There are 2 protein chains.
Amino acid sequence: MNPSVRSLDLLRSSGLRITPQRLAVFESIAGLDHPAVDEIYDHLRHSHPGMSVATVYNTVERLVQEGLVRVIMVEGKRRYDLRLDHHDHLLCQVCHRLEDCPDDCPSAGMTVPQEFLVKGQTWQINQHTVILEGVCPQCMNSQP
Amino acid sequence: MNPSVRSLDLLRSSGLRITPQRLAVFESIAGLDHPAVDEIYDHLRHSHPGMSVATVYNTVERLVQEGLVRVIMVEGKRRYDLRLDHHDHLLCQVCHRLEDCPDDCPSAGMTVPQEFLVKGQTWQINQHTVILEGVCPQCMNSQP
DNA sequence: ATCATTGCAAATGATTTGCATTCGC
DNA sequence: GCGAATGCAAATCATTTGCAATGAT
């Protein structure tokens, strides 16, 4: 699959050097569904022999720094997402699939103030994470 | 500190064998604030020399299985909580303190249905996790 | 040519596992 | 005494780090 112009543009606009590895990692995140590093690495094994896991870790970290992708910590593993706006996630406890919560999600409307008073003292809130855990439709069907 | 009658009762009621290590781990979780395994272990080092980390892992895992404590996955680490009812958490990104969200928390009123329709297919939802991340009052004061 | 990026291998941190010994019941 | 629980050490999994070689600009 050729790198999309969009990927190239995004990478370039961030000022990062364009390397085949970076392009590949970026497009993997776009193509896979909330992948973790090992999934990205496995995905690229055949198309990019010689690619190192360390490079995947590096790249993914740079992409996060540049604000091109987002991390979601799930089950002790970092997973990566191209969507940058806040949204909640659905996690399948069986197959570990992670999916974006649709906008009519019960938690989607929740707003969190930037400051929050707890026991008379102020917390500054920077972000919040909502994960709904359960069983996805596929796993529901295969193991009733 | 002597084991409280309550701890003993709780452990006994679950059918678990009462060992000094179990009692100690259970009371550590009660005494510390959302501790991770290493904090429990450090806490018990002096009072229980010879106690193994593996035992702490074992014990904590059994306590979760028996429904006596709850795990919260935070920053790639399991942390343990005696409160069993659903409640949200506040995480300090500076000192990594984890605190229960008070009941007037913006997310506290949120209810999540047991079944949830996504793209025409049904997810079964078992639980949900809400973590508000930011800076705690103490860290706010010490680093402005 | 310069300096960021890569690849490899060794290191770290959290957690798990195997197994012989110990101890609650 | 029996079987579950413990302690220890080695193993595993995710991630990080050090460093020499490579390659994008």
Side-chain angles (χ1 to χ4, degrees), chain A residues 3 7-26 28-29 34-66 68-69 71-80 96 98, chain B residues 3 7-26 28-29 34-66 68-69 71-80 96 98:
Chain A
S7 299
L8 267 167
D9 281 353
L10 275 169
L11 283 177
R12 240 192 287 277
S13 70
S14 70
L16 288 178
R17 286 194 182 172
I18 312 293
T19 68
Q21 291 89 337
R22 273 186 187 159
L23 224 33
V25 168
F26 188 77
S28 290
I29 300 176
H34 298 88
V37 163
D38 53 352
E39 293 166 272
I40 300 174
Y41 183 58
D42 285 348
H43 181 69
L44 295 176
R45 272 186 159 299
H46 42 290
S47 53
H48 294 71
M51 154 102 61
S52 157
V53 222
T55 299
V56 181
Y57 276 103
N58 265 332
T59 304
V60 125
E61 169 66 16
R62 298 300 322 266
L63 294 176
V64 172
Q65 279 174 19
E66 300 303 327
L68 295 176
V69 312
V71 200
I72 311 134
M73 242 305 179
V74 168
E75 296 174 319
K77 253 171 132 169
R78 283 169 170 68
R79 316 243 324 227
Y80 299 91
H96 309 285
L98 191 65
Chain B
S7 300
L8 266 167
D9 280 353
L10 275 168
L11 284 177
R12 239 192 289 275
S13 69
S14 70
L16 288 179
R17 286 192 181 175
I18 312 294
T19 68
Q21 291 89 336
R22 272 186 187 160
L23 224 33
V25 167
F26 188 78
S28 290
I29 301 176
H34 299 90
V37 164
D38 52 353
E39 295 167 271
I40 300 173
Y41 183 58
D42 284 349
H43 180 70
L44 295 176
R45 274 187 158 299
H46 42 291
S47 55
H48 294 71
M51 151 104 60
S52 158
V53 222
T55 300
V56 180
Y57 275 103
N58 266 333
T59 305
V60 125
E61 169 67 16
R62 297 301 324 260
L63 293 176
V64 172
Q65 279 175 19
E66 299 303 327
L68 295 177
V69 311
V71 200
I72 310 135
M73 242 302 178
V74 168
E75 297 174 317
K77 252 171 131 168
R78 283 169 170 67
R79 315 238 331 224
Y80 300 90
H96 310 286
L98 191 66

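All of these numbers come straight from a predicted model, not from anything done at the bench. Order of the sequence lines sets the chain letters (A, B, ...), proteins ahead of strands, with each chain counted from 1.
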Q: Mark yes or no for whether B:Arg79, through its side chain, and B:His34, through its backbone, hold a donor-acceptor pair below 3.5 Å.
A: yes
Q: Looking only at heavy atoms, what is the nearest atom pair of B:Thr59 and B:Thr55, with distance?
A: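 B:Thr59 and B:Thr55 have their closest heavy atoms at OG1-O, 2.6 Å.
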Q: Can you list the residues that meet the side chain to side chain contact (heavy atoms under 4.5 Å, CB included) rule with A:Arg12, with sequence neighbours excluded?
A: A:Leu8, A:Ile18
Q: Could you give the start and end, 5' to 3', of the contact zone on DNA chain C for chain B, using atoms under 4.0 Å from its heavy atoms?
A: C:dA14 to C:dC25
Q: Output one letter per nucleotide in nucleotides 20-25 of chain D: B when a protein non-hydrogen atom lies under 4.0 Å from the base, S when only the sugar-phosphate is that close, - when neither is.
A: ---BBS
Q: Within residues 46-59 of chain B, find the residues that approach DNA chain C with a heavy atom at under 4.0 Å, and present them sorted by residue number.
A: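 B:Ala54, B:Tyr57 - these, ordered by number, are the residues of the stretch whose heavy atoms sit under 4.0 Å from the strand.
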Q: Using whole Å, what does the distance between atom C1' of nucleotide D:dC13 and atom NE2 of A:His96 come to?
A: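 Computing the A:His96:NE2 to D:dC13:C1' distance gives 14 Å.
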Q: Say you draw a straight line from CD of A:Glu75 to CE of B:Met73; how long is it, rounded to the nearest 0.5 Å?
A: 8.0 Å
Q: Counting only side-chain N and O atoms of B:Arg62, is one of them less than 4.0 Å from OP1 or OP2 of D:dA5?
A: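 Yes, B:Arg62 has a side-chain N/O under 4.0 Å of OP1/OP2 on D:dA5.
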Q: With sequence neighbours excluded, what pairs up with A:Leu68 under the side chain to side chain contact (heavy atoms under 4.5 Å, CB included) test?
A: A:Leu10, A:Leu11, A:Ser14, A:Phe26, A:Leu63, A:Glu66
Q: How about B:Val60 and B:Val69: do any of their side-chain heavy atoms sit closer than 4.5 Å?
A: no
Q: Sequence neighbours left out, what pairs pass side-chain hydrogen bond (donor to acceptor under 3.5 Å, both in side chains) with at least one residue falling in residues 35-50 of chain A?
A: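 Every pair satisfying side-chain hydrogen bond (donor to acceptor under 3.5 Å, both in side chains) with a residue in residues 35-50 of chain A: A:Asp38-A:Lys77.
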Q: At their closest point, which heavy atom of B:Pro35 faces which heavy atom of B:Ile29, and how far apart are they?
A: CG-CA, 4.0 Å
Q: Out of curiosity, A:Glu61 CD to A:Arg78 CZ, how far, rounded to the nearest 0.5 Å?
A: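 Rounded to the nearest 0.5 Å, the CD-CZ separation comes out at 7.0 Å.
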Q: Please state how far atom CG in B:Leu44 lies from atom P in D:dG7, giving the value in whole angstrom units.
A: 11 Å
